[in-house]
Each structure stands twice: as C-alpha cells, then as structure tokens.
Amino acid sequence: QVELVESGGGTVQAGGSMRLSCTASRRIFSPYTMAWFRQVPGSGRDFVARIYWPGGSQDYSDSVRGRFTVSRDDNGNILYLQMNNLKPDDTAVYYCNHGNYWGRGTQVTVAS
C-alpha cells in the first residue's frame with residue numbers, strides 16, 4: 001500500500017508557471033512508473049506526463065509537451081510536475097498516479 005498526496009495547486013494567470021508535488025508515504029522501488037493525470041467536469045481523466053525508473057525517461061501528452069516537465073527526487077518518494085506557459089485550457093484537477101494508487105487531486109486554475 002502507498003498513499004499519494006498532491007500539493008502546489010492554486011490560481012495563476014495565463015503565461016505563468018506552477019510546480020506541483022506528489023509525496024508518497026513510502027519509497028517507490030525500481031522498476032516503476034509514476035504519472036500525472038488531469039480531469040475537468042464532464043470529461044474523463046486525461047494523461048499528462050509519466051516518468052520511468054530506472055533511467056528517468058519521460059512521456060508527455062501532445063497538449064503539454066514542451067511546456068511541462070515531470071521529475072522525481074533522489075529517494076523516489078516525491079514526484080514533481082513543473083508547469084510553464086500555462087494556458088486556460090490547463091485548468092483542471094491534477095492527480096498523481098502509481099499503478100492502482102491515486103492521490104485526491106489538487107486544483108489548478110489558469111485565468112485568461
């Protein structure tokens with residue numbers, strides 16, 4: 001079992017930046033993947049970014065590639081999402097994911 005808790009959400013103006021964090025209750029052992037998803041009302045939960053370990057390779061959705069960066073700390077228990085050049089369409093609840101485990105989400109609102 002692992003608990004995931006997101007933090008760092010809030011309101012930002014279009015063009016601004018924000019960094020989200022996901023803290024796990026224990027170290028995630030290699031090999032593993034961790035990911036960020038987001039969801040807006042009336043829609044499904046959409047993939048945003050994923051990181052693989054060992055190696056640190058990353059995947060991104062087309063809508064965020066070049067603007068967002070996913071990373072992890074050395075201990076493997078904190079996942080980050082650096083969000084740059086934010087757009088109103090990025091407004092959503094952002095969720096941290098590892099296998100069957102999900103955080104409760106953190107709201108990100110981008111004002112135009």
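Listed by chain and residue number, nothing satisfies the ring pair (Phe, Tyr, Trp, His ring centres under 6.0 Å) test with Tyr80 (two or more places apart in sequence, or in another chain). Scanning for salt bridge (charged side-chain N to carboxylate O under 4.0 Å, His left out) contacts around Asp62 gives Arg65, with sequence neighbours left out.
No donor-acceptor pair under 3.5 Å is formed between the side chain of Thr23 and the backbone N or O of Ile78. For Tyr60 (side chain) and Val70 (main-chain N/O), a donor-acceptor pair under 3.5 Å exists by modelled atom type. Here the side chain of His98 pairs a donor or acceptor atom with the backbone of Thr33 at under 3.5 angstrom. Distance alone, capped at 3.5 Å, is enough to place a donor-acceptor pair between the Arg67 side chain and the Asn85 backbone. In this structure, Glu6 contributes its side chain and Cys96 its backbone to a donor-acceptor pair below 3.5 Å. In terms of modelled atom types and a separation under 3.5 Å, the side chain of Asp89 and the main chain of Thr91 share no donor-acceptor contact.
Closest approach of Ala92 to Gln39, counting heavy atoms only: CB-O, 3.5 Å. Minimum heavy-atom separation, Met18 to Gly9: SD-CA, 4.0 Å. Minimum heavy-atom separation, Ala14 to Ser112: CB-CA, 4.2 Å. Ala49 approaches Leu81 most closely through the heavy-atom pair CB-CD1, 4.1 Å. Residues Met83 and Leu86 come closest through the heavy atom pair CE-CD2, 3.5 Å.
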| message | Would Ser61 and Arg38 count as a side-chain hydrogen bond (donor to acceptor under 3.5 Å, both in side chains) here? Give the steps. | response | CA-CA 11 Å; Ser61 68; Arg38 66 188 183 187; 5.3 Å; no
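Hydrophobic cluster membership differs between Phe37 and Leu20, with clusters built from Ile, Leu, Val, Met, Phe, Trp and Tyr side chains linked at under 4.5 angstrom. Using a 4.5 Å cut-off between side-chain heavy atoms of Ile, Leu, Val, Met, Phe, Trp and Tyr, with links allowed through other members, Tyr52 and Tyr32 fall into different hydrophobic clusters. A continuous path of Ile, Leu, Val, Met, Phe, Trp and Tyr side chains, each step under 4.5 Å between heavy atoms, connects Val110 with Tyr94, placing both in one hydrophobic cluster. In the hydrophobic cluster analysis, where Ile, Leu, Val, Met, Phe, Trp and Tyr join through side-chain heavy atoms closer than 4.5 angstrom, Val48 is grouped together with Leu4. Taking hydrophobic clusters as Ile, Leu, Val, Met, Phe, Trp and Tyr residues chained together by side-chain heavy-atom distances below 4.5 Å, Ile51 shares a cluster with Ile28.
Between Gln58 and Thr69, the closest side-chain pair of non-hydrogen atoms falls below 4.5 Å.
Rounded to the nearest 0.5 angstrom, Ser63 OG and Asp90 CG are separated by 7.0 Å. Rounded to the nearest 0.5 angstrom, Asp74 CG and Arg27 CZ are separated by 11.5 Å. Taking CD of Gln82 as the start and OG of Ser21 as the end, the distance is 9.5 Å to the nearest 0.5 Å.
The local environment of CD in Glu3 is sparse, with at most 12 non-hydrogen atoms from other residues, nucleotides or ligands closer than 6.0 Å.
For Trp36 and Phe68, the ring centers are positioned 6.0 Å apart or more.
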